[in-house]
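Worksheet for the structure shown next.
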Amino acid sequence: MALRVLHVATGNVGRIALSQLIEDPRFELAGLVVSNPKKVGRDAGELAGLDTVTGVAATDDLDAALAARPDCTVYCALGETRLFEALADIQKILASGSNVVASSPVPLIYPWGLLPDRMIDPVEDACRTGGTSLFTTGVDPGWVNDLLPFAIASTCQRVERVVCSEIADYATYDGGPVMFDFMGFGRPLDDLPRMFKPGILAASWGVSLRMMARGFGFELDDITEWYEREPAPEAFDVAAGHIPAGGVAAMRLKICGVAGGKEVLVIDHTTRLRGDLRPDWPQPAQDGGSYRLEITGEPSYRVDVCPTSAKGDHNYAAIAAGAGRIVNAIPDVVAAPPGLRTPLDLPFNTARGVFATALTR
């Protein structure tokens, strides 16, 4: 029997996740919640960019949608700029009896050691009230920092250092609130955005570092952060908007997990809005962008992951990977004991059933 799923938000991630929910026979779309008044009343198939008419009309009333008693809710609303509102939504959904898989807020990937108990306890209480589970994930932070390192490291006799990298050109990514408000692209170098305030990098990616450490069986002594930014030599436009001359047009950042005085777990991001900027920084393995895992040990590895898509470029493919990760986890999250779940709690293989759509055509 198909699992009945409520979907929340149709932005960059949500639209792709919604299309899978509609086309995947493992799921039945039980409702759709949006925040944009212009989307209210429109069919879910249209908002997913499909020709399919689902008969499910979008609403802006979360309570009314939850009255349909879905088995699970896919939550893809923005969390970076509305943390407390997103937490309130998720707690309401969990307490109603619906499990949740989510792309945000990022701290819920692994909140222990980051969020105070007063923010974690209400989420756990909501899970107990509703008898439900929550699983939050993405790309990076997400599967690049958990599935990939654990899979490759499981073949090693010993591991000394793990580096997870994203190397990407964001020129075609149209997520304005994330790029301009959170990351600070286009701003003068002396205008620090929220992402580069002290402690925010360590908080944002520390969830993955702490979870990796736990998965490998040790604790981190410290998490350090470093960044460098490059201004635009002249003005130019990208999908999300305008980059003035002198505004930030490329950035590199590192978040390092320290144990025994050594940087043993590293997340390294190089993000450009033009491919010719800072050629001395890491370069992707394919045009546009790729992910890279480097393990120093015995044996050592360098693994380049190059996502592509028939529907878009490398940025679309990366977002689709994050959307697929949360949707494919739905059956295991529904089956999991109540509580806040991480990749360390779920079966390693959440890909069961992904061939179903192709095999039934």
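Quantities reported herein were computed from a predicted structural model and do not represent experimental measurements. Side-chain atoms are counted along with the backbone in the values below, which use heavy atoms only and exclude waters and symmetry mates.
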Check your understanding: Do side-chain atoms of Arg158 reach the backbone of Glu298 as a donor and acceptor pair under 3.5 angstrom?
Key -> no

Review point. Can you list the steps and then say if Leu6 with Leu62 is a side-chain contact (heavy atoms from CB on, under 4.5 Å)?
Key: CA-CA 10 Å; Leu6 170 65; Leu62 178 60; 4.3 Å; yes

Check your understanding: What heavy-atom pair brings Ala202 and Ile255 nearest, and what distance separates the two atoms?
Key -> CA-CG2, 4.0 Å

**Study point:** Heavy atoms of other groups near Asp276 CG, more than 12 under 6.0 Å
**Key:** yes

Exercise for review: Determine yes or no for a side-chain-to-main-chain donor-acceptor pair under 3.5 angstrom, with Ser104 supplying the side chain and Val106 the backbone.
Suggested key: no

**Study point:** Any side-chain heavy-atom pair of Val305 and Trp143 under 4.5 Å
**Key:** yes

Point to revise | For His314, ring pair (Phe, Tyr, Trp, His ring centres under 6.0 Å) partners two or more places apart | key: none

Exercise for review: For the residue pair Tyr110 and Arg214, establish whether any side-chain heavy-atom pair is separated by less than 4.5 Å.
Suggested key: yes

Exercise for review: Would you check if the side chain of Gln20 reaches a backbone N or O of Val327 as a donor-acceptor pair within less than 3.5 Å?
Suggested key: no

Review point. Do Ser98 and Tyr75 have side-chain heavy atoms sitting under 4.5 Å apart?
Key: no

Study note, to complete from the structure: Between the OG atom in Ser204 and the CG atom in Leu209, the distance rounded to the nearest 0.5 Å is 11.0 Å

Check your understanding: Does any N or O in the side chain of Arg187 come within less than 3.5 Å of the main-chain N or O of Met183, such that one atom is a donor and the other an acceptor?
Key -> no

**Study point:** Test: Glu228 and Arg278 ion pair at under 4.0 Å
**Key:** yes

Review point. Distance from Leu50 atom CG to Arg15 atom CZ, nearest 0.5 Å?
Key: 11.0 Å

Practice item. State, to 0.1 Å, how close Cys76 and Gly14 come at their nearest heavy-atom pair, and which atoms those are. Key: CB-CA, 3.6 Å

Practice item. Please check if Ile90 and Val207 belong to a single hydrophobic cluster, counting links between Ile, Leu, Val, Met, Phe, Trp and Tyr side chain heavy atoms closer than 4.5 Å. Key: yes

Check your understanding: Glu124 and Gly339: which non-hydrogen atoms are nearest, and at how many Å?
Key -> OE1-CA, 3.6 Å

Exercise for review: Determine yes or no for a side-chain-to-main-chain donor-acceptor pair under 3.5 angstrom, with Asp332 supplying the side chain and Ala329 the backbone.
Suggested key: no

Check your understanding: Measuring from Leu273:CG to Met251:CE, what's the distance to the nearest 0.5 Å?
Key -> 7.5 Å

Check your understanding: Should Trp205 and Leu253 count as side-chain neighbours, where that means a heavy-atom distance under 4.5 Å?
Key -> yes

Point to revise | Side-chain donor-acceptor contact under 3.5 Å, Tyr291 with Asp304 | key: no

Practice item. Search all heavy atoms of Ala102 against all heavy atoms of Leu134 and return the closest pair with its distance. Key: CB-CD1, 4.5 Å

Review point. Side chains of Thr155 and Tyr301: donor-acceptor distance under 3.5 Å anywhere?
Key: yes

**Study point:** Ala64 backbone acceptor or donor facing Asp61 side chain under 3.5 Å
**Key:** yes

Review point. Would you say the side chain of Tyr173 lies within less than 4.5 Å of the side chain of Ile319, judging by non-hydrogen atoms?
Key: yes

Check your understanding: Once you round to the nearest 0.5 Å, how far does NZ of Lys92 lie from CG of Leu87?
Key -> 13.5 Å

Practice item. State, with a plain yes or no, whether a side-chain heavy atom of Cys164 is found less than 4.5 Å away from one of Arg292. Key: no

Revision key, fill the gap. Applied to residues 305-325, the salt bridge (charged side-chain N to carboxylate O under 4.0 Å, His left out) test, sequence neighbours excluded, yields Asp146-Arg325

**Study point:** Cluster link Ile295 to Val258, ILVMFWY, side chain under 4.5 Å
**Key:** no

**Study point:** Sidechain N-carboxylate O distance under 4.0 Å for Arg128, Asp125
**Key:** yes

Study note, to complete from the structure: Closest heavy-atom pair, Ala58 versus Leu47, reported as atoms and distance to 0.1 Å, is CB-CD1, 3.8 Å

Point to revise | Cluster overlap Ile109 with Ile326, hydrophobic side-chain contacts below 4.5 Å | key: no

Exercise for review: Kindly determine whether Asn315 and Tyr170 satisfy side-chain hydrogen bond (donor to acceptor under 3.5 Å, both in side chains), including the steps that lead there.
Suggested key: CA-CA 7 Å; Asn315 282 318; Tyr170 274 25; 5.9 Å; no

Review point. Is Leu220 linked to Leu115 within one hydrophobic cluster, defined over Ile, Leu, Val, Met, Phe, Trp and Tyr using a side-chain heavy-atom separation of less than 4.5 Å?
Key: yes

**Study point:** Side chain to side chain, Val159 and Thr296, heavy atoms closer than 4.5 Å
**Key:** no

Exercise for review: Calculate, to the nearest 0.5 Å, the distance between atoms CZ and OG1 belonging to Arg341 and Thr137 respectively.
Suggested key: 15.5 Å

Check your understanding: Does the side chain of Arg272 reach to within under 4.5 Å of the side chain of Ile167, using non-hydrogen atoms?
Key -> yes

Point to revise | Val163: hydrophobic cluster co-members (side-chain, 4.5 Å) | key: Val266

Check your understanding: Counting N and O atoms only, with roles assigned by atom type, does the side chain of Arg229 sit under 3.5 Å from a partner on the main chain of Leu189, one being a donor and the other an acceptor?
Key -> yes

Exercise for review: Begin from the C-alpha positions of Val74 and Val8 and carry the test side-chain contact (heavy atoms from CB on, under 4.5 Å) through to its verdict.
Suggested key: CA-CA 6 Å; Val74 176; Val8 177; over 6 Å; no

Practice item. Report the C-alpha distance between Thr132 and Asn99 in whole Å, list the side-chain angles of each, state the deciding distance to 0.1 Å, and finish with yes or no for side-chain hydrogen bond (donor to acceptor under 3.5 Å, both in side chains). Key: CA-CA 5 Å; Thr132 51; Asn99 298 278; 5.1 Å; no

Check your understanding: Is it the case that more than 12 heavy atoms not belonging to Asp121 sit under 6.0 Å from its CG atom?
Key -> yes

Exercise for review: Give a yes or no on whether the backbone of Gly289 and the side-chain of Gln286 come within a donor-acceptor separation of less than 3.5 Å.
Suggested key: yes

Exercise for review: Indicate the atoms forming the closest heavy-atom contact of Gly206 with Ile223, along with that distance.
Suggested key: CA-CD1, 3.9 Å

Exercise for review: Using only heavy-atom distances, determine whether the side chains of Asn12 and Asp174 contain a donor-acceptor pair under 3.5 Å.
Suggested key: yes

Point to revise | Chi angles and distances behind the side-chain contact (heavy atoms from CB on, under 4.5 Å) call for Thr73, Leu66 | key: CA-CA 9 Å; Thr73 297; Leu66 289 172; 4.2 Å; yes

If you look only at distance, which donor and acceptor atoms sit under 3.5 Å apart when one is on a side chain in residues 32-41 and the other is two or more places apart or in another chain?
unit_1: Asn36; atom_1: OD1; unit_2: Lys38; atom_2: N; d: 2.9
unit_1: Lys39; atom_1: NZ; unit_2: Thr10; atom_2: O; d: 3.4
unit_1: Lys39; atom_1: NZ; unit_2: Thr10; atom_2: OG1; d: 2.8

Practice item. For residues 210-231, pull every pair meeting ring-ring contact (aromatic ring centres under 6.0 Å, His included), keeping only residues two or more places apart or in separate chains. Key: Phe150-Phe216, Phe196-Tyr227

Exercise for review: Show your reasoning for whether side-chain contact (heavy atoms from CB on, under 4.5 Å) applies to Arg161 and Val264.
Suggested key: CA-CA 4 Å; Arg161 178 179 165 96; Val264 293; 5.6 Å; no

Check your understanding: Is it true that a side-chain atom of Arg4 and a backbone atom of Arg69 form a donor plus acceptor pair closer than 3.5 Å?
Key -> yes

Point to revise | Side-chain donor or acceptor of Asn145 paired with backbone N/O of Ser208 under 3.5 Å | key: no

**Study point:** Pairs satisfying salt bridge (charged side-chain N to carboxylate O under 4.0 Å, His left out), at least one member in residues 241-264, at least two apart
**Key:** Arg252-Asp268

Exercise for review: Using the rule that two of Ile, Leu, Val, Met, Phe, Trp, Tyr join whenever any of their side-chain heavy atoms come within less than 4.5 Å, decide whether Val123 and Val334 are in one cluster.
Suggested key: no

Study note, to complete from the structure: When rounded to the nearest 0.5 Å, the distance separating CG of Leu108 from OG1 of Thr342 is 12.0 Å

